[in-house]
2 protein chains.
Amino acid sequence: MNADSTKSWQAVRAEVLRRIRDREWKPGELVPHEAELARELGCSRTTVNRALRAVAEDGLIERRRRAGTRVALHPVRKARLDIPVIRVEIENRGLAYSYSLISQAEELPPPAVRARLQSPPDHKMLHVLGLHLADGCPYALEDRWIDPDAVPEAREADFTQISPNEWLVLTVPFGGGDIAFSAVEAGPDEAEALDCAPGAALFVTERTTWRGSRMLTTVQLLFAPRYRLHTRI
Amino acid sequence: MNADSTKSWQAVRAEVLRRIRDREWKPGELVPHEAELARELGCSRTTVNRALRAVAEDGLIERRRRAGTRVALHPVRKARLDIPVIRVEIENRGLAYSYSLISQAEELPPPAVRARLQSPPDHKMLHVLGLHLADGCPYALEDRWIDPDAVPEAREADFTQISPNEWLVLTVPFGGGDIAFSAVEAGPDEAEALDCAPGAALFVTERTTWRGSRMLTTVQLLFAPRYRLHTRI
DNA sequence: TTCGTGATTAAGTGCACACATATTTGCAAG
DNA sequence: CTTGCAAATATGTGTGCACTTAATCACGAA
């Protein structure tokens with residue numbers, strides 16, 4: 001394609017990956033520095049830098065100033081996980097999305113939620129329980145707590161029409177958040193809502209999001225059995 | 001720090017994020033093009049490009065040539081998930097790691113494994129079952145199948161000393177892979193190995209890795225109850 | 001020997017410029 | 001009204017250069 005010696009950063013990355021794969025550069029070993037590689041591969045240092053940065057982001061090499069670049073000894077592979085709005089997730093599978101509100105009330109959160117949201121003991125929160133359905137079948141149970149002080153508009157929101165999941169994404173400016181995945185046994189209520197046996201193993205994701213240092217909301221999503229979260233490395 | 005008007009790409013990114021957060025740029029809206037932003041912020045287009053690329057990688061904006069850059073309508077947040085070797089994962093928590101081999105044999109894989117590895121019907125595979133322990137407590141049960149044709153060295157490996165998990169990372173040149181997370185109920189054997197009640201909800205990760213188009217190995221990791229996979233957005 | 005301390009070096013970053021490439025847009029022919 | 005093609009344009013990428021920053025190394029003083 002390029003008759004001359006210029007190489008794209010993707011080409012450089014491919015060459016770097018090949019050398020790692022073929023053990024030309026062994027794990028833990030120092031690799032030639034950028035300028036050297038640039039000379040060798042016939043491209044500019046900028047391009048080599050771009051390529052090496054990309055490889056480093058995948059966790060296959062480690063780079064430190066002055067210390068140089070070395071092949072990772074224990075490649076902590078970095079997987080990318082997409083966290084879409086549930087409606088989109090369902091629609092992407094070609095299924096019809098629907099949502100049904102189960103309950104909505106302002107109440108005192110349990111200690112676990114209080115801890116996650118770092119809220120004072122007697123602070124009431126907006127508690128919304130709803131069910132996401134795919135083609136009419138229970139898909140995920142959303143158990144959400146929203147701090148009405150941090151998100152005052154939430155009091156007016158109509159969660160019969162739109163899930164808090166989506167409402168928050170649309171309404172509340174993004175901030176940081178943290179996510180945890182685990183497994184729990186379905187309780188009786190959860191089993192009924194999700195139309196599964198009590199005690200069934202459910203995949204759970206818990207998210208807490210904040211803006212600045214202000215905690216906004218925390219949610220537990222219980223997925224119906226056989227749900228799989230999938231990604232590629 | 002910089003008295004002059006030059007801004008680092010991080011500063012530009014911060015400004016871009018601020019404008020999105022403060023709804024100066026609304027979801028779905030087209031944002032000024034790179035050259036314009038460069039002029040406005042007093043830096044080069046290269047720098048703006050670097051910043052916008054970074055923001056796009058987090059899924060907050062979408063960029064297409066000629067079409068321009070727009071704020072994502074449904075921000076599919078991209079979380080990064082670190083997949084370390086289990087030993088490292090345990091040691092990072094300050095616990096003592098140990099490993100115990102349960103069984104190792106060459107046998108015909110069940111259909112599910114055959115499907116994942118795309119292997120012919122009568123092809124025997126290396127089947128290794130082992131337990132990872134943290135401070136002596138069961139941590140994860142590793143149920144792995146290795147294609148001995150693709151990884152011939154595996155036949156000679158001593159999996160009493162090193163887990164296949166770690167052995168493969170050290171020995172086999174990396175390739176691609178795919179990962180799935182789900183939840184299952186503990187069977188009797190699994191319950192005994194993991195020292196938990198039968199029927200307990202277990203967090204599972206399944207990985208299949210390949211090199212080129214050659215399937216190498218597939219593994220199911222059953223984590224002891226209360227395991228949580230954690231990340232930050 | 002140990003502890004600064006400064007020189008050295010490799011990566012990190014910024015900039016001006018040029019060209020590549022993908023899309024859109026608009027105009028014109030059918 | 002549709003189709004095709006060319007122009008315009010925003011992002012994508014490469015290059016050469018310069019400067020910054022962090023880590024290491026070597027040297028000399030305590």
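Computed from heavy atoms alone, side chains included, the values below leave out hydrogens, waters and symmetry copies. So you know, we letter chains A, B, ... as the sequences are listed, proteins then strands, and number each from 1.
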Considering residues at least two apart in sequence or located in another chain, which fulfil the side-chain contact (heavy atoms from CB on, under 4.5 Å) criterion with [X]?
{"X": "B:Pro225", "answer": "B:Cys196, B:Ala200, B:Leu202"}
{"X": "B:Gln10", "answer": "B:Ser8, B:Arg13"}
{"X": "B:Ala67", "answer": "B:Arg64"}
{"X": "A:Arg70", "answer": "A:Leu30"}

| Residues from residues 11-35 of chain B sitting under 4.0 Å of DNA chain C, heavy atoms only? |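 Going residue by residue through residues 11-35 of chain B, none turns out to have a heavy atom under 4.0 Å of DNA chain C.
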| said: Within residues 44-70 of chain B, which residues have any heavy atom lying less than 4.0 Å from an atom of DNA chain D? | reply: B:Arg45, B:Asn49, B:Arg63, B:Arg64, B:Arg65, B:Arg66, B:Gly68, B:Thr69
| query | Is it true that a side-chain atom of B:Thr231 and a backbone atom of B:Arg80 form a donor plus acceptor pair closer than 3.5 Å? | reply |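 Yes; at least one donor-acceptor contact below 3.5 Å.
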| Which residues share a ring pair (Phe, Tyr, Trp, His ring centres under 6.0 Å) with A:Trp210, sequence neighbours left out |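 Partners of A:Trp210 by the ring pair (Phe, Tyr, Trp, His ring centres under 6.0 Å) criterion come out as none, since no residue qualifies.
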| query | Taking CG from A:Leu41 and C1' from D:dT13, how many angstroms apart are they, rounded to a whole number? | reply | 17 Å
| query | B:Leu37 CG to D:dA10 P: how many Å, rounded? | reply | 12 Å
| field | B:Glu57: partners by side-chain hydrogen bond (donor to acceptor under 3.5 Å, both in side chains), with sequence neighbours left out | value |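 Per chain and number, B:Glu57 pairs via side-chain hydrogen bond (donor to acceptor under 3.5 Å, both in side chains) with no residue.
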| request: Determine which pairs satisfy ring-ring contact (aromatic ring centres under 6.0 Å, His included) with at least one residue from residues 34-75 of chain A, sequence neighbours left out, and list them in order. | output: none
| task | For residues 145-173 of chain B, pull every pair meeting ring-ring contact (aromatic ring centres under 6.0 Å, His included), keeping only residues two or more places apart or in separate chains. | result | B:His127-B:Trp145, B:Phe159-B:Trp167
Taking only distance into account, with no hydrogens and no angle test, what donor-acceptor pairs under 3.5 Å do side-chain atoms of residues 93-100 of chain A form with protein atoms, sequence neighbours excluded?
residue: A:Arg93; atom: NH2; partner: A:Tyr139; partner atom: OH; Å: 3.4
residue: A:Tyr97; atom: OH; partner: A:His132; partner atom: ND1; Å: 2.7

| request: Quick one: label A:Gln10 by what it contacts on the DNA or RNA (base, sugar-phosphate, nothing), any heavy atom closer than 4.0 Å. | output: sugar-phosphate
Distances for protein N or O near nucleotides 4-7 of chain D N or O, under 3.5 Å:
none

